[in-house]
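What follows is a short report on a single structure.
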Amino acid sequence: MNVDVLVTNIGELLPMDKKGPVKGKAMNDLDVSTDAAIAIKDGHVTWVGTAEDAKDIEAEQTIDAHHKLVTPGLVEPHTHLVFGGSREKEMALKQQGVDYLDILAQGGGILSTVRMTRAETFKELYEKAEFHLDRMAMHGMTTVEAKSGYGLDRETEMKQLEVVRELNNNHPVDLVSTFLGAHAIPPEYKHNTDAFLDEMADMFPEIKEKGLAEFVDIFTETGVFTVNQSRTFLQKAKDAGFRVKLHADEIDPLGGTELAVEIGAASGDHLAVASERGIAQLAQSDTIGVILPGTSFYLGKTSYAPARQMIDAGAAIALSTDFNPGSCVTENLQLIMSIAALKLKLSPAEIWHAVTVNAAHAIDRGEQAGAIAVGRPADIVIWDAPNHMYIPYHYGVNHAHTVIKNGRVLYERQALR
Ligand code: NIG
Ligand code: FE
């Protein structure tokens, strides 16, 4: 056999090659192969076997994994990748105990990022998003969802979606685009929320026609959009041909988890304060719970999403950074894996399902991303770790040694000189 790349001497390989989404107890069943090897041709995985059998394979390039851990590229199912400016000045307010939603109600928070995003050019937004995306790639993320939502007007929302499209065309990491025009209420519509939602919904046909987004999302929260408004808006999005998602039950328990299930959302995201009923319904549904525990950490919450209860009830869970300038400012999904272990009490096996196969299903990439299998794009990470338990255990740093996207080495850790 003649191949382009051979990754061999893999200590532990997690192929994650299952029909997903993986629900409930099954999230704890991890297939682990040892002394493995992977062959890649034309950007795709063509063979997976033992390092012993790999000795007969002729490869243009051989990568010795030195008995380290090898997994699929991480899939990041929820980010606010494109935004102007930054909000480090809000940190002092948070330290004084000013609540996230109060900052927003006073015209800060998301709305201050909206002002900065409206003020930046396409090029400025593009270069900033590219910088963050590069950093995600260096942390092993090879497929990333990206939302708009800092424009809250036609022009700027379009500018954000076009940045995502251009970046997806130029950057090796695959982007999946979501229209989050309903992210907050802009000052010009403060007293006319329904009219604002109508204006955002009026954009659906153009976004669809130009192929600028696959998903539509809404922030269902106190002081933002109600469950009823969200239902109407998301139904219009479905009618226009979009798949839908929700920022649901992040801060106040409004019943967003129930709405996510009722409307057939691909995912309900956050679910930090989901009700018992919501959890039971989620477990019975095809909707994936995308849990963002970095947000609870960053906003100083004392309790975290009931992810343990969700899995025990039989739900499928994915994990995400929620990368954004306000509620979780990190591109490092590995850090979130640690928080999931420490605060959500998830096992390493559950965590690996949540950042690969289930995360891929949450953004309709279940057939392309999140697994190492013959015929799939070769999105692979070699980690500076002896086994899969090590990544959540050793927290706050980047463990990615080599990141391969579509069969090509995208990032390789440099030695200190
Ligand atoms: O997912 N909750 C709403 N949106 C983001 C935060 C956005 C921001 O603060 O800029 C979130 O937490
Ligand atoms: Fe978010």
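Atoms within each ligand, like the ligands themselves, are counted from 1 in listed order.
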Mind checking whether His132 and Phe83 have ring centres under 6.0 Å apart?
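Aromatic pair counts; centres sit under 6.0 Å.
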
His401 ring center within less than 6.0 Å of His66 ring center:
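His66 vs His401: aromatic centres not under 6.0 Å.
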
Inspect the contact between Glu206 and Arg154 and indicate whether a charged nitrogen and a carboxylate oxygen are less than 4.0 angstrom apart.
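Counted as a salt bridge, because a side-chain N and a carboxylate O are separated by less than 4.0 Å.
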
Before accepting this row, confirm whether a basic side-chain N of the pair Asp153/Lys159 lies closer than 4.0 Å to the acidic partner's carboxylate O.
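No salt bridge links Asp153 with Lys159.
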
Examine distances only and state if a side-chain atom of Lys301 and a backbone atom of Thr295 form a donor-acceptor pair shorter than 3.5 Å.
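Between the backbone of Thr295 and the side chain of Lys301 there is no qualifying donor-acceptor contact (under 3.5 Å).
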
Keeping to distances under 2.8 Å, can you name the protein N/O/S atoms close to the Fe ion (ligand 2)?
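The answer, once waters are left aside, is His78 NE2, His80 NE2, His247 NE2, Asp322 OD1.
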
Any side-chain donor-acceptor pair under 3.5 Å between His171 and Asp134?
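Yes, a side-chain donor-acceptor pair sits under 3.5 Å.
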
Are a donor atom and an acceptor atom from the side chains of Tyr298 and Asp322 found within less than 3.5 Å of each other?
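No, because no side-chain N or O of Tyr298 sits under 3.5 Å from a partner of the opposite role on Asp322.
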
Report the relative orientation of the aromatic rings in His183 and Tyr150; use parallel for angles under 30°, tilted for 30 to 60°, perpendicular for over 60°.
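Because their plane-to-plane angle is over 60°, the rings of His183 and Tyr150 count as perpendicular.
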
Measure across Thr79 and Glu145 and return the closest heavy-atom pair with its distance rounded to 0.1 Å.
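The pair with the smallest heavy-atom distance is OG1-O, 2.6 Å.
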
Please produce the table of protein N or O atoms sitting under 3.5 Å from N or O atoms belonging to ligand 1, one pair a line, distance to 0.1 Å.
| unit_1 | atom_1 | unit_2 | atom_2 | d |
| --- | --- | --- | --- | --- |
| ligand 1 | 1 (O) | His80 | NE2 | 3.4 |
| ligand 1 | 1 (O) | His247 | NE2 | 3.0 |
| ligand 1 | 1 (O) | His270 | NE2 | 2.9 |
| ligand 1 | 1 (O) | Asp322 | OD1 | 3.0 |
| ligand 1 | 1 (O) | Asp322 | OD2 | 2.7 |
| ligand 1 | 2 (N) | Glu250 | OE1 | 2.7 |
| ligand 1 | 4 (N) | His183 | NE2 | 2.7 |
| ligand 1 | 9 (O) | Arg87 | NH2 | 2.8 |
| ligand 1 | 9 (O) | Tyr100 | OH | 2.5 |
| ligand 1 | 10 (O) | Arg87 | NH1 | 2.9 |
| ligand 1 | 10 (O) | Arg87 | NH2 | 3.4 |
| ligand 1 | 10 (O) | Tyr150 | OH | 2.6 |
| ligand 1 | 12 (O) | Glu250 | OE2 | 3.1 |
| ligand 1 | 12 (O) | Asp322 | OD2 | 2.9 |
| ligand 1 | 12 (O) | Ser327 | OG | 2.6 |

